[in-house]
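Single-structure report; data block below.
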Number of protein chains: 2
Amino acid sequence: MSAYKEHSRLLLAVDCIIFGFDGRSLKLLIIERGMLPEKGKWSLMGGFVQQHENTNEAASRILTHLTGLKDIYMEQFQVFGEPGRDPLARTVSVAYYALIDIGKYENQLSKDYKAEWVSLDRIPDLIFDHGEMVKAAKEHLRYKAALHPILFELLPDRFTIPQIASLFEQVYNVELDRPNFMRKLRSTGLLVKQSDKDKDGSKRGAHYYVLNRDTYKEKVSSFLHFITQL
Amino acid sequence: MSAYKEHSRLLLAVDCIIFGFDGRSLKLLIIERGMLPEKGKWSLMGGFVQQHENTNEAASRILTHLTGLKDIYMEQFQVFGEPGRDPLARTVSVAYYALIDIGKYENQLSKDYKAEWVSLDRIPDLIFDHGEMVKAAKEHLRYKAALHPILFELLPDRFTIPQIASLFEQVYNVELDRPNFMRKLRSTGLLVKQSDKDKDGSKRGAHYYVLNRDTYKEKVSSFLHFITQL
DNA sequence: ACAAAAGTGTTGTTACTACACCCATGT
DNA sequence: ACATGGGTGTAGTAACAACACTTTTGT
């Protein structure tokens, strides 16, 4: 372990921008920080990368620890490494965003961490550069979700098309033409219509759909345009 | 500097996947490694992140050091952090890909490093996980270049449409319909036609074009599809 | 009956593909 | 004159946007 002696070592952390959807609105999961510095302030969930694990494993561990869920959709999107970002020690952080159906979330660590779902447009000040991380995560999410159907990761097993539309509208901050959006969604072959309806959102009720997991797995990693043959 | 004492520190490196185009074919810049371990074997250009710099600065420094060029287009794309990837010490690497016009490349460090441009389909075995990094970089480049006109970064100031087409064909490993590709390119408004022609590639000669830098700056950060209004 | 949201139909426009064809020039 | 790429024209098709219209149901 004395190799590369002349080079300085540093701490490597992972921070998670956890997006959640409860069927109505898009939220962010943040915690009240339990350690110094900045103890008691709002923060993203994070942790240090351990000796025996890679960064994906660290992110998984941290996500499971906070939410109680396994196999959460997550994506590494950017390294934040300004020298002074953590005032106590040189710490470089690998940022991940994660997508969760809030209905599946188990508030298992309410004792260890004070975790809270906050609306995306009412995010309090966060420690360090976490605010910047959230902003970058939103951009990455927009980018990715414009080409890949990952927003389904936020939805419950049974969902309605108006719910998806509302989710897209919140992510992109636009109003969609519902008729056209509906057709586009159905043309993907990702949706399996159910016979029953959700009556909460409207009088008439909207049909439930479930995701066709097989075509989903295919389409998550396709969807390109500029070069149309591939 | 004794904060977070209980957490282990590690080495943070940057590795650069440097793509270059010489007007005919797409290449990768690799070096003969000058330090242990694996001294003398083929490797990507890389280096350790220093105390005073962030990872982008480290990558810039390393790129400039090897190529003699400033303001190289580069993009951070993935962290490689398997615990055993460098056998001598726990080292996590932030991978960047870079795009260079080989014509501008100055072989300035031929004494310090034995650097060489190799054809993308004849890459020798590389140390550690560098082969995996190259593969991932190619995928990221394909992804990004399908939506953003970044491949122009590989071209000289004056270039012909057949050259661009050839570049795209090599990146995506397809044959393009030249007439249609030409029209699509010109419809972007990125190209400014020059009056003279390049006679090297054919008898008739192909018109030179230069990039419209203004529209280029706009379009590099646009180009989405699934959500068409933005 | 009517408001409100879900969902269908239709039409004009744009973007793309396929491919026939013409152009300029070195040999 | 002809082979070789460079480049234009055109027609059919698919995807998309706009928006009128119908359906269902709670009040």
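Per chain, numbering begins at 1; letters A, B, ... match sequence-line order. Only this structure's heavy atoms are used, side chains among them; waters, hydrogens and symmetry mates stay out.
When the P atom of dC21(D) is taken as reference, atom CG of D177(A) falls 16 Å away, rounded to whole Å. One can place NZ of K199(B) at 14 Å from C1' of dT27(C), the figure rounded to the nearest angstrom. Look at CG on L185(B): it is 13 Å from P on dT8(D), rounded to the nearest Å. Per the geometry, NZ belonging to K184(B) stands 18 Å off P belonging to dG7(D), to the nearest Å. Atom pair D196(B):CG and dT25(C):P shows a separation of 13 Å (rounding to whole Å applied). Counting to the nearest Å, the C1' atom of dA24(C) and the CG atom of D198(B) are 14 Å from each other. Distance, E175(A) CD to dA18(D) C1': 15 Å, rounded to whole Å. Look at CG on L176(A): it is 13 Å from P on dA6(C), rounded to the nearest Å.
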Contact list (N/O, under 3.5 angstrom) for nucleotides 8-10 of chain C vs protein:
unit_1 : atom_1 : unit_2  : atom_2 : d
dT8(C) : OP2    : R186(A) : NH1    : 2.9
dT8(C) : OP2    : R186(A) : NH2    : 2.6
dG9(C) : N7     : R183(A) : NH1    : 3.0
dG9(C) : O6     : R183(A) : NH1    : 3.4
dG9(C) : O6     : R183(A) : NH2    : 2.7

Where do N or O atoms of nucleotides 3-5 of chain C meet protein N or O atoms at under 3.5 Å, pair by pair?
none

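More than 12 heavy atoms of other residues, nucleotides or ligands sit less than 6.0 Å from atom CG of D121(A). Heavy-atom contacts from other residues, nucleotides or ligands closer than 6.0 Å to CG of D196(B) number more than 12.
For the ring pair (Phe, Tyr, Trp, His ring centres under 6.0 Å) with W117(B), the qualifying choice from F21(B), Y105(B), F19(B) is Y105(B), the only one to do so. A side chain to side chain contact (heavy atoms under 4.5 Å, CB included) with Y97(A) holds for exactly one of K138(A), Q76(A), K144(A); it is K144(A).
Judged by distance alone, the side chains of S93(A) and D15(A) do bring a donor and an acceptor atom under 3.5 Å apart.
Taking the centre of each ring, H148(B) and Y143(A) come in below the 6.0 Å mark.
Ring geometry, Y216(B) versus F152(B): the interplanar angle exceeds 60°, so the pair is classed perpendicular (tilted spans 30 to 60°). Relative orientation of the Y209(B) and H207(B) rings is perpendicular, given thresholds of 30° and 60° on the angle between their planes. Aromatic ring pairs are classed by plane angle as parallel below 30°, tilted from 30° to 60° and perpendicular above 60°; the pair F168(B) and Y172(B) is parallel.
The side chain of K197(B) contributes no N or O atom lying less than 4.0 Å from OP1 or OP2 of dG6(D).
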